[in-house]
Amino acid sequence: MLKCLAFSFLVAMTVVASAPPGGRQQIARDAIQIGLSDDPAATQAETPAPAETPARPDDKPAAAAAPNEAAACTGVTFTRGLKYGEKSLNVLDVATGQSSGMKRPVVVFVAGEHFAGDSDEAAANPLVEQAMCFAARNGLVAFSVSYRLAPAAPWPAGSRDVAAAISWVHENADLFGGNKQEIIPIGYAAGAFHLASFLAHPEFQERDSHVAGVVLVSGVYRPTADAGDGEKSYFGTDASKYDSQSALPGLTAIDVPLVVAWSQADAPRFVAQGEKLKDMLCRAGHCPRFALLAKPGSPASVFDLDGSSGDLHERLRQLIGQIDARGLP
């Protein structure tokens, strides 16, 4: 069992380029030893932090600028375009590093920034790729999930897609060296709602939907009348339905360990929703671990790769340590 993220891992020296859908890159023979360090200077030396971006005035969470070369993956194998459902956007990618022979914790990024769109093909997000690479290089198995978008796929399509993806990962994690008992989904922005809704609505869940812990970053957890057009195309314009579509009540009834985070640079409605979720969970006796990002957040902030906050990185370490301490197989 892995006791925490502070361990060394052998990785290859050759930079791995993105693979085409269904393809897999080869790992180079030469390897060096690295690890996820508690020393902030070591992390910053490995991945320079980008310049801070101003807060966004619209209804979207803040987004960090992508580092110039930080998405380069040393010693990581990508397998892309794995189908977990019938639709073209029902695909996921997986990143793995060299295996130590033991089953490793699994992180699953659900990091969509939008509820709506007209694309029917999944597009790579550089900040998600950066976080996946870092996770794989440090002894985790990392997945990223694409899901259907409104208006073609309104509520609850995104949550059902997340449920199907989690089920697929549960059934196939061992093929990539992952431990299905240590699956930790990480939701960001719109993806945080879909992940929260999956947890809060058991009727959306499929077989093998167990997760060991969850990280929610800069999400909206209840639709509101002041939402943007994209949100309304997903939830609809009938505000009388928003309570039934909310993830807030159901989240207070689960016993899955949670990490909740948002950026102080997020739009006010995102901050308010995060604060409300935290308050409701604490009043229900299920206070989550919490992190406030000092700079605009991103999927990469989970590992503090964008210089947003070491707190969120530490909360993830604590979560994995808690999961391991349970003595799961």
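What you see below is based on every heavy atom in this structure, not just the backbone, and it leaves out hydrogens, waters and symmetry mates. When a residue number appears, it is its place in the shown sequence, counting from 1.
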Query raised in the report: So does K180 have more than 12 non-hydrogen atoms from other groups sitting under 6.0 Å from NZ?
Result: no
**Report entry** Option among D118, D120, D161 that satisfies the salt bridge (charged side-chain N to carboxylate O under 4.0 Å, His left out) test with R148
**Finding:** D161
Mind telling me whether [Y] and [X] have parallel, tilted or perpendicular rings, with 30° and 60° as the class edges?
X    : Y    : value
F303 : F134 : tilted
F193 : Y234 : perpendicular
W262 : F290 : tilted

Under 4.5 Å between side-chain heavy atoms, counting indirect links through other Ile/Leu/Val/Met/Phe/Trp/Tyr residues: same cluster for [X] and [Y] or not?
X    : Y    : value
L293 : L305 : yes
L251 : V211 : yes
F115 : L199 : no
V110 : W168 : yes

[atom1] of [X] to [atom2] of [Y]: how many Å apart, nearest 0.5 Å?
X    : Y    : atom1 : atom2 : result
S159 : Q245 : OG    : CD    : 9.5 Å
L281 : R289 : CG    : CZ    : 13.5 Å
L277 : R222 : CG    : CZ    : 14.0 Å

Is any side-chain heavy atom of [X] less than 4.5 Å from a side-chain heavy atom of [Y]?
X    : Y    : answer
V145 : H194 : no
L292 : D311 : no
R160 : E206 : no
Y188 : S218 : yes
F176 : L82  : yes

Query raised in the report: Do the side chain of K278 and the main chain of P288 share a donor and acceptor less than 3.5 angstrom apart?
Result: no
